[in-house]
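Remarks on the structure that follows.
Nothing fancy with the numbering, it's 1 onward along the sequence. Note that this is a predicted model, so its numbers are computed, not measured.
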Amino acid sequence: MARKYEEMEKDERISHEIKALRSLYSKIPKNKKKLADGLIQNAAFMKAELFDLQIYIKENGYTEEYQNGKNQWGTKRSPQAEQYNTMVKNYTAIIGKLNDLIPKDKTSTNDIDDGFDDFINDKE
């Protein structure tokens with residue numbers, strides 16, 4: 001029986017993510033696989049880190065109190081929340097790059113000639 005994601009150590013989660021992403025992006029052309037593999041490695045690491053940061057934020061909250069000097073107190077976003085926000089953006093960018101490496105499906109609805117352009121051009 002496979003272990004739950006929550007029960008895995010970080011290295012196991014990274015390996016799990018690498019396998020899942022390699023499977024998901026298996027249609028990337030061979031000449032781009034080396035580039036894709038580096039992106040996959042980084043995305044897998046980030047996903048495991050994001051998981052840990054989510055747990056921390058759920059347990060400790062998104063903000064924390066601080067004291068700046070003798071009488072200056074306040075609340076600010078925690079360093080973990082800052083890391084989470086930055087890493088989510090970077091993870092999203094990497095996944096976008098991986099998606100761009102997949103060949104476009106020539107049968108997508110955007111590529112099908114429905115005759116509309118010919119109809120418009122005949123009117124002119």
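Y66 contributes atom OH, which lies 5.5 Å from atom CD of Q72 (distance to the nearest 0.5 angstrom). Within the model, atoms OH of Y62 and CG of N60 stand 14.0 Å from one another, a figure rounded to the nearest 0.5 Å. Taken to the nearest 0.5 Å, the CG atom of D52 stands 11.5 Å off from the CD atom of Q80.
A salt bridge links K10 to E49: at least one charged side-chain nitrogen sits closer than 4.0 Å to a carboxylate oxygen.
Proximity of L53 to Q83: side-chain heavy atoms (C-beta onward) are separated by under 4.5 Å at one or more points. In this structure the side chain of Q41 reaches within 4.5 angstrom of the side chain of I18, judged on heavy atoms. Within the 4.5 Å cutoff, side-chain heavy atoms of E6 are placed close to those of F51. Proximity of R77 to N85: side-chain heavy atoms (C-beta onward) are separated by under 4.5 Å at one or more points. At a threshold of 4.5 Å between non-hydrogen side-chain atoms, the residues I95 and L39 do not count as touching. Looking at heavy atoms from C-beta onward, I57 lies in side-chain contact with Y84 at the 4.5 angstrom threshold. Using a 4.5 Å heavy-atom cutoff, the side chains of S15 and M8 are not in contact.
Counting heavy atoms of neighbouring residues, nucleotides and ligands inside a 6.0 Å radius, atom CG of D11 does not exceed 12 of them. For E65, the CD atom is loosely surrounded, since the number of other residues' heavy atoms within 6.0 Å does not exceed 12. Within a 6.0 Å radius of CD in E7, more than 12 heavy atoms belonging to other residues, nucleotides or ligands are found.
When every heavy atom of I94 is checked against every heavy atom of N42, the shortest pair comes out as CD1-CB, 3.8 Å. Taking every heavy atom of both residues into account, G61 and S78 meet most closely at O-OG, 4.2 Å. Taking both residues in full, the closest heavy atoms of A48 and R13 are given as O-NH2, 3.7 Å, listed atom of the first, atom of the second, then distance. Between I28 and K33, the closest heavy-atom pair is O-CE, 3.2 Å.
Note: the hydrophobic cluster containing I14 also contains V88 (ILVMFWY, side chain heavy atoms under 4.5 Å, direct or indirect links). In the hydrophobic cluster analysis, where Ile, Leu, Val, Met, Phe, Trp and Tyr join through side-chain heavy atoms closer than 4.5 angstrom, M46 is grouped together with L24. Residues M87 and L98 share a single hydrophobic cluster, defined by chaining ILVMFWY side chains whose heavy atoms lie under 4.5 Å apart.
Residues D37 and Y25 bring no donor and acceptor atom of their side chains to less than 3.5 Å of each other. For Y5 and E12, the side-chain atoms include no donor-acceptor pair closer than 3.5 Å.
A donor-acceptor pair under 3.5 Å is absent between the side-chain atoms of S26 and the main chain of R22, judged by distance alone. Side chain of S23 to main chain of K19: no donor-acceptor pair is present (N/O by atom type, distance under 3.5 Å, no hydrogens or angles).
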